[in-house]
Every structure is written in structure tokens, then in C-alpha cells.
Amino acid sequence: MAPSKSFCAESKKDVDPNNNENDSLKKTSKLKFELPANYKYEVQECICFRPKAAFECRRCNHYICGRICEVCQQHPMVTFLMDFHCCPCCSAPTTDIKLSQLSLEEIHKIEDGILPGDNDDFN
Ligand SMILES: [Zn+2]
Ligand SMILES: [Zn+2]
């Protein structure tokens, strides 16, 4: 009796049906949980409502306040008419327009200074 019992237990240990089942169950459940985490949804930031910035044309040194036209990866069909497609002064492509180190305020001051008395003439 005793030897057969131990044999039974040993064979059970060898086959390990319980353990295998648990293992495979763990693996599948783990896989299920890992799938969404592994699935990289690349979040492209919406740039539609990015703030205005100060730019400077490298060709004519004209200061530009606003936004350079960029395609929003989330809304590729959306265009903003106010965005610059090129330099408004010399039509240089946006590749020639760089971010200015001046603030918008400083540029506004410069622009105001460039056009003195214009309003008086019109009035
Ligand atoms: Zn967008
Ligand atoms: Zn320009």
C-alpha cells in the first residue's frame, strides 16, 4: 500500500498537471493585461490651439507675430487662415522663418515704432 501511494504522489508531481494549468493560465491572463500596455498608441499632440509666438524672417529680418502654419496630426484637415504659410513681407518659406528671441511685446513695440504718424496721415 505504502509504495503505491508514494508512486502515485510522485507521478503526480512529475506530470504536474495543476502547476502547468496554473502557469498557462497566468501566462494568458498576463498577456491579456500586457497587450493594451504594450500597444503603443502614439499620442500626437493637438497643435490647433497652440499659442502665438514671435518669429523672425531670416531673409528680410521682418518680425512676425502669430503662428507658422503646421499640420495638426490629430486634425490634418483643419487649416487656420491666420497661420503664416510664408513670410508676409518677402514671401520666404516657413523654413526661413525662425523663432525670434524677442517677445511678442517687444516686437509690437518695434512695429509701433516703425510706423509713426501713419494713422495721422489717414485721419
Ligand atoms: Zn488639432
Ligand atoms: Zn521675410
Side-chain angles (χ1 to χ4, degrees):
M1 277 292 236
S4 98
K5 246 187 190 175
S6 80
F7 173 78
C8 214
E10 242 177 298
S11 80
K12 237 187 180 180
K13 243 187 189 178
D14 256 6
V15 179
D16 240 0
N18 258 349
N19 222 346
N20 270 348
E21 227 174 276
N22 267 348
D23 205 39
S24 68
L25 207 79
K26 262 184 202 168
K27 266 181 189 168
T28 46
S29 69
K30 208 181 177 189
L31 207 77
K32 267 185 190 172
F33 279 113
E34 271 179 9
L35 249 175
N38 281 347
Y39 176 66
K40 277 192 180 171
Y41 174 70
E42 280 189 39
V43 182
Q44 297 279 1
E45 210 179 323
C46 174
I47 58 168
C48 289
F49 301 104
R50 64 193 184 281
K52 285 183 178 182
F55 294 94
E56 192 179 333
C57 175
R58 276 193 278 191
R59 273 198 203 175
C60 67
N61 293 323
H62 189 81
Y63 290 112
I64 304 159
C65 298
R67 312 191 312 184
I68 299 298
C69 184
E70 276 181 70
V71 176
C72 174
Q73 294 301 312
Q74 279 194 33
H75 314 99
M77 301 305 285
V78 178
T79 53
F80 290 86
L81 294 175
M82 295 303 286
D83 288 2
F84 292 109
H85 294 260
C86 60
C87 172
C89 195
C90 71
S91 298
T94 52
T95 48
D96 276 346
I97 297 171
K98 61 176 180 178
L99 266 172
S100 174
Q101 302 203 332
L102 296 179
S103 70
L104 286 174
E105 250 181 44
E106 284 173 304
I107 290 175
H108 279 310
K109 273 184 201 166
I110 291 171
E111 282 179 340
D112 285 346
I114 284 171
L115 308 164
D118 259 20
N119 285 336
D120 288 340
D121 281 350
F122 280 113
N123 288 339

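Whatever order the structure lists ligands and atoms in, that order sets their numbers, starting from 1. Reckoned from all heavy atoms, side chains included, excluding hydrogens, waters and symmetry mates. On a predicted model such as this, the values are computed, not experimentally measured, just so you know.
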Should I97 and L99 be counted in the same cluster of Ile, Leu, Val, Met, Phe, Trp and Tyr side chains packed under 4.5 Å apart? yes

Quick one: report the N, O or S atom of H75 that is nearest to the Zn ion (ligand 1). ND1

Side chains of S103 and K109, heavy atoms from C-beta outward: is any pair under 4.5 Å? no

Ignoring hydrogens and angles, write down the donor-acceptor pairs under 3.5 Å from the side chains of residues 45-57, residues two or more places apart or on other chains.
unit_1: R50; atom_1: NH1; unit_2: I47; atom_2: O; d: 2.8
unit_1: R50; atom_1: NH2; unit_2: I68; atom_2: O; d: 2.5
unit_1: R50; atom_1: NH2; unit_2: D83; atom_2: OD2; d: 3.4

Taking 2.8 Å as the upper limit, name the protein N, O or S atoms near the Zn ion (ligand 2). C57 SG, C60 SG, C87 SG, C90 SG

Within rounding of 10°, what is the angle whose vertex is the Zn ion (ligand 1) and whose arms end at SG of C72 and SG of C48? 110°

Give the minimum heavy-atom separation between S100 and Y63, together with the two atoms involved. OG-CE2, 3.6 Å

Close side-chain approach of P88 and I64, heavy atoms under 4.5 Å: yes

Minimal non-hydrogen separation, C87 against C60, with atom names: SG-SG, 3.7 Å

Do I107 and C65 make a side-chain contact, defined as non-hydrogen atoms from C-beta onward lying under 4.5 Å apart? yes

